[in-house]
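I have placed the structure first, in the form of structure tokens, so that the comments after it can refer back to it.
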Amino acid sequence: MTTSVKQFGMTINGETVYTKNTLPVINPANEEVIAQVPHADENDLNLAVHAARAAFPSWAALSVEERAQMLEEFADAIEQNSEELARLFTLEMGRPYQGALQEVSGAAKTVKFYAKQRLPREILQDKDTHYVEKYYTPLGVAGLIVPWNFPVSLAVWKVSPALLTGNTVVLKPSPNTPLTTLYLGELAKDIFPKGVFNVITGANELGAWMTEHSGIDKISFTGSTGTGKKVMQGAAINLKRVTLELGGNDAAIVLEDADPKKVAKPLFWAAFLNTAQVCVATKRLYVHEKIYDELLTELVNYAKTVKVGDGMDPETQLGPLQNKTQYEKVKGIIEDTKRSGAKIVLGGEIDESKPGYFIPITIVDNPADDSRVVVEEAFGPILPVLKYHEYDDVIQRANNTIYGLGASVWGEDLALARSIADRLEAGTVWINEAQVLHPKFPFGGHKQSGIGVEHSLEGITEYTNTKVVMIRKNK
């Protein structure tokens with residue numbers, strides 16, 4: 001499979017735009033520069049916002065069926081170009097090709113799902129004197145800021161409801177993974193009217209400019225909690241609407257009646273899928289003391305069968321970390337774990353003589369609750385496995401975090417599992433599975449894991465104003 005990459009430009013007002021200054025795109029598997037992409041300045045952002053604002057009235061005036069038809073065409077274009085999108089995905093993000101292809105194909109299905117959704121018009125009252133109706137109107141220009149761990153799916157999560165409801169968009173990918181998003185812009189400019197779908201690339205300051213820009217009415221951001229707080233601060237300047245899907249430190253609780261041989265494999269992937277670069281990955285695994293030793297052994301034995309390597313190798317199951325910053329952070333947590341005296345039962349030794357941001361699958365045996373590996377969101381392949389005795393105690397320990405994105409409970413007694421799930425402080429709690437998401441189910445975080453939701457009709461309304469029209473009848 002070729003590793004060559006064409007030159008990509010931004011999409012502004014339906015045209016391909018290049019900049020004098022560029023940013024390098026690095027393949028995390030070998031640290032080679034594979035492309036240069038535009039480095040937008042404030043003037044480029046102003047052009048994109050101006051184009052989106054100019055296109056908004058006519059786009060909003062179309063029927064929802066007309067907008068949905070173009071979304072259907074966009075989904076078809078994604079599907080028709082899925083292999084090239086997946087290749088770019090693997091080169092810039094590091095995920096194995098088949099996993100990248102799965103995300104791209106899933107993204108096309110997500111766009112088609114949204115194209116079929118409709119927000120209701122609700123009659124609140126119809127009496128002799130008054131008729132009252134509630135419906136939804138678009139906000140205007142939506143600024144969409146996408147992270148590097150799921151660059152295609154998270155882009156369409158935001159683009160689809162924004163466009164369906166009549167907004168125009170300015171989409172900004174992470175500077176670490178811009179290629180797939182720029183390609184989406186190329187596909188979109190042949191489908192949507194000029195100015196409706198704009199894509200700009202730049203460094204981190206571009207996101208800050210977007211949050212403060214007076215011409216942007218809404219920010220949807222997925223990323224770290226620390227950056228999310230800065231987004232809120234910037235948006236407060238002109239009271240932008242915000243949707244924030246932020247960090248997580250998800251707990252999985254394994255009940256004493258769980259079968260270690262049955263749950264070890266799904267628990268492994270709940271923790272390590274996408275090299276653990278998932279906001280809802282299991283990042284703390286609590287196991288009842290009666291099955292702790294057996295489950296830990298099963299987990300380690302399965303982990304030893306999983307191949308870590310370059311995503312272009314068809315045998316690879318887990319790729320590298322996506323960028324050097326994340327690599328250094330995870331490396332630091334591993335070093336801190338060693339200094340603390342906690343027992344590392346798998347991994348922990350990093351071969352820095354070879355290129356690429358590779359961290360071995362690392363499993364830690366019952367570290368202290370206040371250790372970095374337990375408290376922090378590592379966002380990398382290191383998992384603390386923790387022992388517990390009482391259910392009340394483990395629920396308290398699981399909830400003892402600033403985060404509240406997801407959690408899971410594993411066991412045969414579904415009534416007990418459900419009673420524990422009801423007490424966990426998280427936006428989504430799975431029982432006997434994890435990381436299962438669908439656009440018909442609302443997804444959002446509690447506490448410092450976010451504000452608002454994505455997906456479902458509830459998530460679609462985040463791109464709208466609620467409007468009530470009251471008519472006094474002439475009687």
Side-chain angles (χ1 to χ4, degrees), residues 224-226 247-254 260 264 267-268 270-273 275-304 306 308 318 320-353 357-390 393-408 425 447-449:
S224 71
T225 293
N249 194 6
D250 290 21
I253 298 174
V254 185
L267 279 170
F268 175 87
F272 292 103
L273 182 72
T275 317
Q277 299 167 119
V278 185
C279 54
V280 289
T282 292
K283 301 183 177 81
R284 296 173 291 151
L285 177 56
Y286 294 93
V287 182
H288 194 278
E289 61 185 7
K290 287 186 178 180
I291 61 169
Y292 180 89
D293 290 340
E294 184 181 356
L295 179 53
L296 183 61
T297 298
E298 292 289 338
L299 192 65
V300 169
N301 288 342
Y302 179 77
K304 289 177 180 178
V306 176
V308 178
L318 292 176
L321 290 178
Q322 197 284 318
N323 59 78
K324 186 172 180 61
T325 299
Q326 198 62 35
Y327 171 80
E328 293 293 341
K329 177 183 178 180
V330 177
K331 189 169 72 169
I333 292 175
I334 291 175
E335 292 168 353
D336 181 80
T337 301
K338 291 178 179 179
R339 286 193 298 268
S340 74
K343 184 180 180 182
I344 296 177
V345 291
L346 182 69
E349 299 301 324
I350 302 169
D351 184 358
E352 298 188 62
S353 67
Y357 305 131
F358 290 100
I359 300 276
I361 298 166
T362 301
I363 298 175
V364 186
D365 180 4
N366 205 30
D369 278 7
D370 62 354
S371 59
R372 281 188 66 190
V373 72
V374 176
V375 174
E376 294 186 22
E377 181 188 24
F379 225 64
I382 178 169
L383 176 68
V385 185
L386 303 134
K387 189 182 298 185
Y388 75 91
H389 174 67
E390 297 287 346
D393 173 64
V394 75
I395 292 168
Q396 187 276 328
R397 290 165 69 189
N399 287 336
N400 185 26
T401 173
I402 64 170
Y403 300 108
L405 193 56
S408 59
E425 298 166 351
K447 298 190 278 190
Q448 293 189 36
S449 283

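These numbers were taken from a predicted model, which means no experiment stands behind them.
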Practice task
Find the distance between NZ (K343) and CG (L296) and round it off to the nearest 0.5 Å.
Solution key: 8.0 Å
Problem - Sidechain-backbone polar pair: S340 side chain, A342 backbone, donor-acceptor under 3.5 Å - result: yes
Handout entry: Donor-acceptor under 3.5 Å (S449 side chain, G404 main chain)
Key = yes
Practice task
May I ask you to check whether over 12 heavy atoms, not counting those of K338, lie within 6.0 Å of atom NZ?
Solution key: yes
Problem - Sub-4.5 Å side-chain heavy-atom contact between T337 and R372 - result: no
Problem - Close side-chain approach of L383 and T362, heavy atoms under 4.5 Å - result: no
Problem - Set of residues satisfying side chain to side chain donor-acceptor pair (under 3.5 Å) with respect to Y292, sequence neighbours excluded - result: D365
Handout entry: I350 side, atom CD1; I359 side, atom CD1 - distance, nearest 0.5 Å
Key = 3.5 Å
Handout entry: Note: R284-D250 ion pair, threshold 4.0 Å (strictly below)
Key = no
Exercise for the section: Taking only Lys NZ, Arg NE, NH1 and NH2, and the carboxylate oxygens of Asp or Glu, determine whether E335 and K331 approach each other closer than 4.0 Å. Expected result: no
Problem - Listed partners of N399 passing side chain to side chain contact (heavy atoms under 4.5 Å, CB included), at least two apart - result: I395, L424, E425
Practice task
Compare all side-chain heavy atoms of Q326 with those of Y357 and state whether any distance is below 4.5 angstrom.
Solution key: no
Practice task
Classify the angle between the aromatic ring planes of F268 and Y302 as parallel (below 30°), tilted (30 to 60°) or perpendicular (above 60°).
Solution key: perpendicular
Handout entry: From L285 atom CG to I253 atom CD1, the distance as rounded to the nearest 0.5 Å
Key = 10.0 Å
Problem - side chain to side chain contact (heavy atoms under 4.5 Å, CB included) against V278, all qualifying residues, sequence neighbours excluded - result: F150, N274, V280, A281, Q435
Practice task
Would you check if the side chain of T275 reaches a backbone N or O of L321 as a donor-acceptor pair within less than 3.5 Å?
Solution key: no
Problem - Q322 side chain vs Q277 backbone, donor-acceptor pair below 3.5 Å - result: no
Completion exercise
Note: E377 and K329 closest approach over all heavy atoms is O-NZ, 2.9 Å
Exercise for the section: Measure the spacing between CG of N249 and CG of L405 and express it to the nearest 0.5 Å. Expected result: 10.5 Å
Practice task
Assess the pair Y388 and Y286: is the distance between their ring centroids shorter than 6.0 Å?
Solution key: no
Completion exercise
Output for pair (L318 CG, L273 CG), nearest 0.5 Å, gives 8.0 Å
Practice task
Can you see which heavy atom on V373 is nearest to which on P384, and at what distance?
Solution key: O-CG, 3.4 Å
Handout entry: Under 3.5 Å donor-acceptor, K447 side chain and T401 backbone
Key = yes
Problem - Gap between atom CG of N366 and atom OG of S371 - 0.5 Å precision - result: 9.5 Å
Handout entry: Sidechain-backbone polar pair: E294 side chain, P260 backbone, donor-acceptor under 3.5 Å
Key = no
Problem - Heavy-atom closest contact (A398 atom, A251 atom, distance) - result: CB-CB, 3.7 Å
Problem - Side chain proximity check, F272 to V306, heavy atoms < 4.5 angstrom - result: no
Problem - Nearest heavy atoms of I363 and A303, plus distance in Å - result: CD1-CB, 4.3 Å
Exercise for the section: Look only at the side chain of H288 and the backbone of V254, and say whether a donor-acceptor pair between them is shorter than 3.5 Å. Expected result: no
Handout entry: Closest approach of V287 to I291 (non-hydrogen atoms, all atoms of both residues)
Key = CG1-CG1, 3.8 Å
Practice task
Locate the shortest heavy-atom distance separating G348 from P360; write the atom from each residue and the value.
Solution key: N-CG, 3.9 Å
Practice task
Apply side-chain contact (heavy atoms from CB on, under 4.5 Å) to the pair N400 and Q396, showing each step before the final yes or no.
Solution key: CA-CA 6 Å; N400 185 26; Q396 187 276 328; 4.2 Å; yes
Practice task
Assess whether side-chain contact (heavy atoms from CB on, under 4.5 Å) is satisfied between V364 and V345, documenting all intermediate values.
Solution key: CA-CA 6 Å; V364 186; V345 291; over 6 Å; no
